[in-house]
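If you read the sequence from its start, that first residue is 1, and numbering goes on from there.
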Amino acid sequence: MAVPVVLLASPRSFCAGVERAIDIVDRLLDQRGGPVHVRKQIVHNTHVVAELEARGAVFVDELDAVPDGATVVFSAHGVSPAVREEAERRGLDVVDATCPLVTKVHAEARRYAARGDTVVLIGHAGHEEVEGTLGEAPDRVVLVETAADVAALEVPDPARVSYLTQTTLAVDETAEVLDALRARFPALRGPSSADICYATTNRQDAVREVARDADLVLVVGSANSSNSVRLVELARRGGVPAHLVDDVSDIDPAWLEGVRVVGLSAGASAPPRLVDEVVEALGARDVEVRETTSETIRFTLPAAVRR
């Protein structure tokens with residue numbers, strides 16, 4: 001599968017929220033042994049989940065699969081208040097691995113709803129993060145995915161509308177929906193700082209940079225990883241063929257026919273070692289790192305796992 005040049009996007013792979021969530025489960029397994037139950041996938045990556053399962057983590061869809069009084073970890077994508085209430089009612093020992101940037105969006109949803117606004121959440125239906133945010137104020141929060149959804153939106157008071165966004169969206173597509181919201185609701189209010197997280201934005205900027213000079217873009221990440229899928233879509237919108245691969249075994253040699261330069265990145269939940277394996281398999285004589293920014297953010301671990 002040799003290609004002459006690989007342009008390695010940077011930043012790529014794990015973000016601070018993902019590292020924190022995985023570290024929480026790792027530490028619980030070290031301190032308490034298995035099983036440690038985790039509601040949903042701790043992060044959206046098949047390799048991370050499989051490695052933690054091998055150590056004793058048990059991933060469940062809902063809390064009814066967790067024994068009374070057992071330890072349960074809430075995933076990085078967050079949960080609704082109803083899930084927290086169920087855990088408390090059943091005496092579960094909860095360790096919360098929700099990304100602090102998702103927690104910020106939840107707090108905004110509660111605040112906007114409390115002041116009487118209709119809260120418009122821009123996001124993807126069915127995503128765990130979206131389900132958790134909707135649950136903060138189900139009578140006040142409404143979901144839109146596209147500008148067409150905005151056109152069909154009916155609200156009790158057009159002068160009292162605010163917006164939030166899922167943290168892992170494509171910046172340019174979100175801007176289109178936000179423009180439609182502002183056109184319909186001139187009094188629209190929103191967060192003082194963007195909800196789309198720094199890591200999502202940084203990885204999109206880095207992919208945009210390598211895609212300019214690439215014949216093909218590969219993004220390492222799992223199919224249920226929203227931010228990974230957005231990276232592929234971004235490259236394609238720029239006119240560059242792009243594919244999402246869970247690991248090196250997903251690469252089709254036919255994609256590389258006639259390709260001189262491959263742009264390579266990874267979603268925020270993909271382990272760095274998977275990128276290294278792809279680089280090795282591509283066998284490039286020239287590997288160039290294209291760094292658009294440096295990430296130094298780290299999030300504090302919850303007290304339950306700090307030692």
Side-chain angles (χ1 to χ4, degrees), residues 13-110 127-137 166-168 195 197-200 222 224-227 267-272 295 297-307:
S13 198
F14 284 171
C15 65
V18 165
E19 288 180 339
R20 175 179 182 271
I22 296 170
D23 197 11
I24 287 169
V25 180
D26 271 331
R27 288 180 179 230
L28 284 172
L29 289 167
D30 287 342
Q31 294 168 9
R32 308 182 188 183
V36 169
H37 293 80
V38 184
R39 184 183 180 275
K40 308 294 186 180
Q41 292 187 352
I42 185 66
V43 298
H44 286 160
N45 186 268
T46 58
H47 290 270
V48 170
V49 169
E51 288 165 10
L52 291 173
E53 280 180 329
R55 294 197 57 211
V58 178
F59 294 91
V60 300
D61 284 332
E62 298 298 344
L63 294 184
D64 58 11
V66 181
D68 289 348
T71 297
V72 63
V73 180
F74 291 156
S75 81
H77 306 104
V79 299
S80 70
V83 174
R84 295 183 185 278
E85 290 163 9
E86 181 186 351
E88 184 175 358
R89 187 171 60 250
R90 295 193 44 226
L92 300 179
D93 178 16
V94 172
V95 181
D96 192 355
T98 302
C99 174
L101 300 180
V102 174
T103 300
K104 165 185 175 287
V105 178
H106 283 220
E108 290 165 346
R110 293 192 299 271
H127 191 279
E128 288 154 37
E129 181 188 328
V130 166
E131 293 299 318
T133 305
L134 289 172
E136 289 290 351
Q166 182 180 330
T167 62
T168 55
D195 287 334
C197 85
Y198 78 94
T200 297
S222 294
N224 62 339
S225 167
S226 176
N227 76 89
S269 51
E295 292 180 350
I297 291 175
R298 294 292 181 270
F299 294 133
T300 303
L301 292 168
V305 297
R306 289 202 300 267
R307 282 189 176 179

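With sequence neighbours excluded, the residues that form a salt bridge (charged side-chain N to carboxylate O under 4.0 Å, His left out) with Glu136 are Arg110. For Glu108, the side chain to side chain donor-acceptor pair (under 3.5 Å) partners two or more places apart in sequence, or in a different chain, are Lys104. In this structure, His106 has no ring-ring contact (aromatic ring centres under 6.0 Å, His included) partners at least two apart in sequence or on a different chain. Applying the salt bridge (charged side-chain N to carboxylate O under 4.0 Å, His left out) criterion to Arg32, with sequence neighbours excluded, gives Asp93.
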Using distance only, find each side-chain donor-acceptor pair of residues 298-306 under 3.5 Å and give its atom names and separation, not counting sequence neighbours.
| from | atom 1 | to | atom 2 | distance (Å) |
| --- | --- | --- | --- | --- |
| Arg306 | NH1 | Leu301 | O | 2.3 |

**OP:** Could you go through the side-chain contact (heavy atoms from CB on, under 4.5 Å) check for Asp30 and Arg55 one step at a time?
**Re:** CA-CA 9 Å; Asp30 287 342; Arg55 294 197 57 211; 2.5 Å; yes

**OP:** Quick one: do Phe74 and Ile24 satisfy side-chain contact (heavy atoms from CB on, under 4.5 Å)? Show the steps, please.
**Re:** CA-CA 10 Å; Phe74 291 156; Ile24 287 169; over 6 Å; no

Subject >> From CA spacing to verdict: side-chain contact (heavy atoms from CB on, under 4.5 Å), Val43, Phe14 >> reply: CA-CA 10 Å; Val43 298; Phe14 284 171; 5.7 Å; no

**OP:** Kindly determine whether Ser75 and Phe59 satisfy side-chain contact (heavy atoms from CB on, under 4.5 Å), including the steps that lead there.
**Re:** CA-CA 10 Å; Ser75 81; Phe59 294 91; over 6 Å; no

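Of the listed residues (Ser269, Ser226, Ser225), just one forms a side chain to side chain donor-acceptor pair (under 3.5 Å) with Thr168, and that residue is Ser226. Checked options Leu28, Val66, Val73, Leu52; the residue passing with Val38 is Val73 (criterion: side chain to side chain contact (heavy atoms under 4.5 Å, CB included)).
A donor-acceptor contact shorter than 3.5 Å is absent between the side chain of Arg39 and the backbone of Val79. In this structure a side-chain-to-backbone donor-acceptor pair under 3.5 Å is missing from Thr98 to Thr103. Side chain of Thr133 to main chain of Gln166: no donor-acceptor pair is present (N/O by atom type, distance under 3.5 Å, no hydrogens or angles). Of the possible polar contacts, one joining the Glu129 side chain to the Thr167 backbone as a donor-acceptor pair under 3.5 Å is found.
The distance from the OG1 atom of Thr71 to the CG atom of Leu92 is 9.0 Å, given to the nearest 0.5 Å. Of the inter-residue distances, the one linking Ile22 atom CD1 with Arg27 atom CZ reads 13.0 Å to the nearest 0.5 angstrom.
Ala87 approaches Val94 most closely through the heavy-atom pair CB-CG2, 3.6 Å.
Screening residues 73-85 for salt bridge (Lys or Arg N to Asp or Glu O under 4.0 Å) gives Arg84-Asp96 as the qualifying pairs, with residues at least two apart or on separate chains.
Aromatic ring orientation, His127 versus His44: perpendicular (interplanar angle above 60°, classes split at 30° and 60°).
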